[in-house]
Structure formats: C-alpha cells, structure tokens
Amino acid sequence: EAQVTQNPRYLITVTGKKLTVTCSQNMNHEYMSWYRQDPGLGLRQIYYSMNVEVTDKGDVPEGYKVSRKEKRNFPLILESPSPNQTSLYFCASSKQDSPLHFGNGTRLTVT
Amino acid sequence: GENVEQHPSTLSVQEGDSAVIKCTYSDSASNYFPWYKQELGKRPQLIIDIRSNVGEKKDQRIAVTLNKTAKHFSLHITETQPEDSAVYFCAARNTGTASKLTFGTGTRLQVTL
C-alpha cells in the first residue's frame, strides 16, 4: 500500500531533550516536506527536500533540522525542543508537479 | 513568497445547502491550486485540484473555480451532507518551485441537520 509513515504518533517530552520524528514513504517520491499545524494558522512548511541531499528552508525553519540521506526517509530533528514547538506535525511527499500525500501526523507536546 | 488568504474561517450550513470557500493568492507565478479536506484527528486529504490553464473543474458535488486575473479561487460544495463537516484548506504552488506548497489558514465547515 502506498503511504507516508510517521513515527511516533504521539510524543511528550521536556524542554531541551533532543528528539527525532521519522518519516518514510514507499512511493519513490522525489519531494518530501514537513509541516506544522497550529490552530488558526493552518499548515506551515518547516523544511522541504527536492531529492537526496537537497534540502531547503520553508516558512518556519527555526529550531528544526532535517536530513535526506536516502530517497525514502526524511527525519525531522529538534535539537533542543521548546514549548513553542508543541504542535501537530505532518510529513508529506509527492512526485514533481503532483499532489502531496500526507502522513498520519505526530502530536508533539513539549513541557 | 506566496501568501494565501482563506475565508471564511468557519462556515455553518444546513444539510442540502451549498457551501462556498474562497481563497486569494499573491504570487502570479502560482499555477497549481489543490484543496484538502481534514476530518477531525486525521491527515489532510486531497479532494480536488485545478491548474492555471483551466477555469473550472468539477467532481460530483465538488467544484473549484479559478480566476487568474483576480488571483482567487473558490471551492463549491453542493447538496451538503453531514459527512462534509471538516476543515478545508486551499493551497497554491508554483510548480517551478516544486515542493513549495503554501496553505491557507483553513475553513471549518459544519453541516447541520
């Protein structure tokens, strides 16, 4: 089944404790991206990747890192999480000029 | 960069009525406009999209119109049903910047019986 898989689905952590949210797609898509969703603000892009080893900042990249060492994986790294990064995170992928496919989301709480 | 504005933020209609959600975009180079539906606790899912070489597209009860000159596009849902209740997002992209899809802030649609 074609899908974008994110893990974990829920995560509660404390300020400053490094964490990684994994994202994997099995559709051989070139493009992958991370969004955060906050009430009233919609979906805002954090980082995106056009292919292996090619990444670029989205609209809200501060406090996040990504890597694209393999085509199927695009992890999101929070080196030192803070409470303002409490949010719902979505990974998405697509082929060029095709609709985005979203993962099921990761709800992160930073206390 | 691109900026997408979406209105209204909430919309309540009676079952069987029509619903219209409107979006405007700022970048005249944008040429791809998808609409996503997000049910409570779930991921956004594409329901319809339109490209800039087309003015209107329809899929059963859902239609999207695009006015390139005015830089706005709209989602029309006819004969609404309770299962249409969800948050709807519009988005815009310049396919020359492939992954840069900019979303509106969403419309919460409630269909009442």
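Only heavy atoms go into these numbers, but all of them, side chains included; no hydrogens, no water, no symmetry mates. In what follows, chains are A, B, ... by sequence order, proteins preceding strands, each numbered from 1. None of the values given here were measured: they were computed from a predicted structure.
Using a 4.5 Å cut-off between heavy atoms, Phe102(A) touches chain B through backbone and side chain atoms alike. Contacts between Ser93(A) and chain B at a heavy-atom distance below 4.5 Å are absent for every atom of the residue. For Asp56(A), no part sits under 4.5 Å from any heavy atom of chain B, backbone or side chain. Residue Leu41(A) touches chain B through its backbone alone, counting heavy-atom pairs closer than 4.5 Å. Interface remark: Glu30(A) contributes no atoms to any contact with chain B (heavy atom separation under 4.5 Å).
Counting non-hydrogen atoms of neighbouring residues, nucleotides and ligands closer than 6.0 angstrom, the CD atom of Gln60(B) reaches no more than 12 such neighbours. The 12-atom threshold is not exceeded at CD of Glu79(B), counting heavy atoms of other residues, nucleotides or ligands nearer than 6.0 Å. Heavy atoms of other residues, nucleotides or ligands lying less than 6.0 angstrom from NZ of Lys22(B) number 12 at most.
Of the possible donor and acceptor atoms, one in the side chain of Tyr36(B) sits under 3.5 Å from a partner among the backbone N and O of Leu100(A).
Chain A forms the most heavy-atom pairs under 4.5 Å with one residue out of Arg51(B), Lys42(B), Gln6(B), Gln45(B), and that residue is Arg51(B). Ranking Leu88(A), Leu43(A), Asp59(A), Asn104(A) against chain B, the residue ahead of the rest is Leu43(A), based on heavy-atom pairs under 4.5 Å.
The hydrophobic cluster containing Val87(B) does not contain Leu109(B), counting ILVMFWY residues as joined when their side-chain heavy atoms lie under 4.5 angstrom apart, directly or transitively. Cluster annotation: Val20(B) and Ile62(B) are assigned to distinct hydrophobic clusters (Ile/Leu/Val/Met/Phe/Trp/Tyr, side-chain heavy-atom contacts under 4.5 Å, transitive). Residues Leu46(B) and Met27(A) are members of separate hydrophobic clusters, defined by side-chain heavy-atom contacts under 4.5 angstrom among Ile, Leu, Val, Met, Phe, Trp and Tyr. Tracing side-chain contacts under 4.5 Å through hydrophobic residues (I, L, V, M, F, W, Y), one reaches Val110(A) starting from Val60(A); they form part of the same cluster. Note: the hydrophobic cluster containing Val66(A) does not contain Val52(A) (ILVMFWY, side chain heavy atoms under 4.5 Å, direct or indirect links).
Atom-to-atom distance recorded for Cys91(A):SG and Arg43(B):CZ is 11.5 Å, nearest 0.5 angstrom. With rounding to the nearest 0.5 Å, the separation of CZ in Arg44(A) from OG1 in Thr102(B) is 12.5 Å. A distance of 8.5 Å separates OG in Ser94(A) from CG in Leu101(B), rounded to the nearest 0.5 Å. For the atom pair CG (Asp49(B)) and OG (Ser98(A)), the distance works out to 9.5 Å, reported to the nearest 0.5 Å.
Pro44(B) places none of its side-chain heavy atoms less than 4.5 Å from the side chain of Tyr35(A). Inter-residue side-chain proximity for Phe103(B) and Gln37(A) is flagged as unmet; no heavy-atom pair is nearer than 4.5 Å.
The minimum heavy-atom distance linking Arg9(A) with Gly41(B) is given by the pair NH2-O, 4.4 Å.
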